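What follows is a short report on a single structure.
When a ligand or atom number is given, it counts from 1 through the structure's own listing order. Note that the structure is a prediction, hence the values are computed from the model and not measured.
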Amino acid sequence: MAILTDTKITDSEWEVMRVVWANQEVTSKEIIEVLEQKKDWKPATTKTFIGRLVKKAMLNTKKAGNKYLYSTDVSETDFVKSMLNELFDNICDRQKGEMIAYLLSQITLSFADLEKIESILNKKRKQAVHLVPCNCIPGQCHCKIIE
Ligand SMILES: [Zn+2]
């Protein structure tokens with residue numbers, strides 16, 4: 001399976017990908033129907049985004065009779081993880097814990113989620129440090145001004 005998680009997509013293209021991820025194999029008509037409901041997009045608009053995703057190799061096309069079926073080799077989980085890593089690469093290591101705490105405080109969690117997080121926290125507690133080292137270059141972070 002090709003991992004194309006480095007590919008950049010726009011928010012609109014992401015809307016199309018979600019339909020494909022949820023249904024595995026879809027026609028443009030099915031994608032159009034979902035996004036007409038959610039975003040009020042005209043068929044031509046959705047088709048443009050589908051075309052861009054095919055160009056970016058995020059979507060595969062297969063001819064089935066007189067229509068095309070769209071699918072993807074990129075897993076949604078891998079893609080989202082790669083986006084999260086990319087986002088976290090842009091912030092100081094020292095701020096990451098606070099950002100995770102913020103995210104945790106914002107979302108609803110299942111008991112299973114909590115168990116998973118607790119088990120990670122127990123491991124992390126053994127490796128914890130008093131002050132996370134700053135990984136930034138001078139001029140891109142508040143830490144360096146203070147130090
Ligand atoms: Zn820093």
Side-chain angles (χ1 to χ4, degrees), residues 1-26 28 30-62 68-147:
M1 241 165 87
I3 308 290
L4 297 163
T5 46
D6 283 348
T7 309
K8 301 276 178 295
I9 64 170
T10 64
D11 287 347
S12 301
E13 290 163 359
W14 202 318
E15 293 287 351
V16 173
M17 288 308 295
R18 287 193 66 181
V19 183
V20 180
W21 278 320
N23 298 281
Q24 280 156 32
E25 244 188 10
V26 276
S28 58
E30 291 168 306
I31 301 172
I32 285 165
E33 275 169 12
V34 173
L35 296 177
E36 218 159 40
Q37 268 191 27
K38 183 179 178 183
K39 308 292 288 187
D40 207 21
W41 288 344
K42 298 211 159 51
T45 308
T46 301
K47 277 184 180 164
T48 301
F49 296 138
I50 294 172
R52 286 182 192 161
L53 287 164
V54 171
K55 234 180 209 168
K56 291 180 180 182
M58 285 290 286
L59 289 183
N60 309 318
T61 33
K62 190 171 82 185
Y68 286 99
L69 286 175
Y70 296 94
S71 64
T72 184
D73 290 333
V74 183
S75 115
E76 183 172 20
T77 310
D78 287 346
F79 187 78
V80 174
K81 279 182 184 170
S82 147
M83 291 298 118
L84 287 174
N85 282 327
E86 203 173 286
L87 190 67
F88 268 62
D89 281 347
N90 286 324
I91 58 175
C92 175
D93 277 354
R94 203 169 280 176
Q95 289 184 329
K96 288 175 183 170
E98 198 184 317
M99 290 302 141
I100 300 277
Y102 166 75
L103 282 177
L104 270 177
S105 72
Q106 296 293 306
I107 57 179
T108 304
L109 296 162
S110 69
F111 290 111
D113 290 331
L114 285 174
E115 249 169 63
K116 198 171 187 176
I117 292 166
E118 271 163 5
S119 120
I120 293 168
L121 284 180
N122 286 334
K123 280 183 207 136
K124 287 289 173 184
R125 192 163 285 119
K126 289 173 194 141
Q127 305 158 0
V129 293
H130 283 289
L131 190 60
V132 175
C134 166
N135 60 318
C136 314
I137 62 155
Q140 274 202 325
C141 171
H142 294 293
C143 312
K144 292 288 193 233
I145 296 163
I146 299 160
E147 278 162 7

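- With a cut-off of 2.8 Å, the Zn ion (ligand 1) has no N, O or S atom of His142 in range.
- The environment of Asp40 atom CG is sparse: at most 12 non-hydrogen atoms of other residues, nucleotides or ligands sit within 6.0 angstrom.
- Residues Cys92 and Cys143 have side chains in contact (heavy-atom distance under 4.5 Å, counting atoms from C-beta outward).
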Please set out all donor-acceptor pairs under 3.5 angstrom arising from side-chain atoms of residues 97-119, sequence neighbours excluded.
residue: Ser105; atom: OG; partner: Tyr102; partner atom: O; Å: 2.7
residue: Ser110; atom: OG; partner: Ala112; partner atom: N; Å: 3.4
residue: Ser110; atom: OG; partner: Asp113; partner atom: N; Å: 2.9
residue: Ser110; atom: OG; partner: Asp113; partner atom: OD2; Å: 3.1
residue: Asp113; atom: OD2; partner: Ser110; partner atom: N; Å: 2.9

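- Annotation: angle subtended at the Zn ion (ligand 1) by Cys134 SG and Cys136 SG is 100°, to 10°.
- Between the SG atom of Cys92 and the SG atom of Cys141, the angle centred on the Zn ion (ligand 1) amounts to 110° when rounded to 10°.
- Listed by chain and number, the residues in a salt bridge (Lys or Arg N to Asp or Glu O under 4.0 Å) with Glu33 are Lys29 (sequence neighbours excluded).
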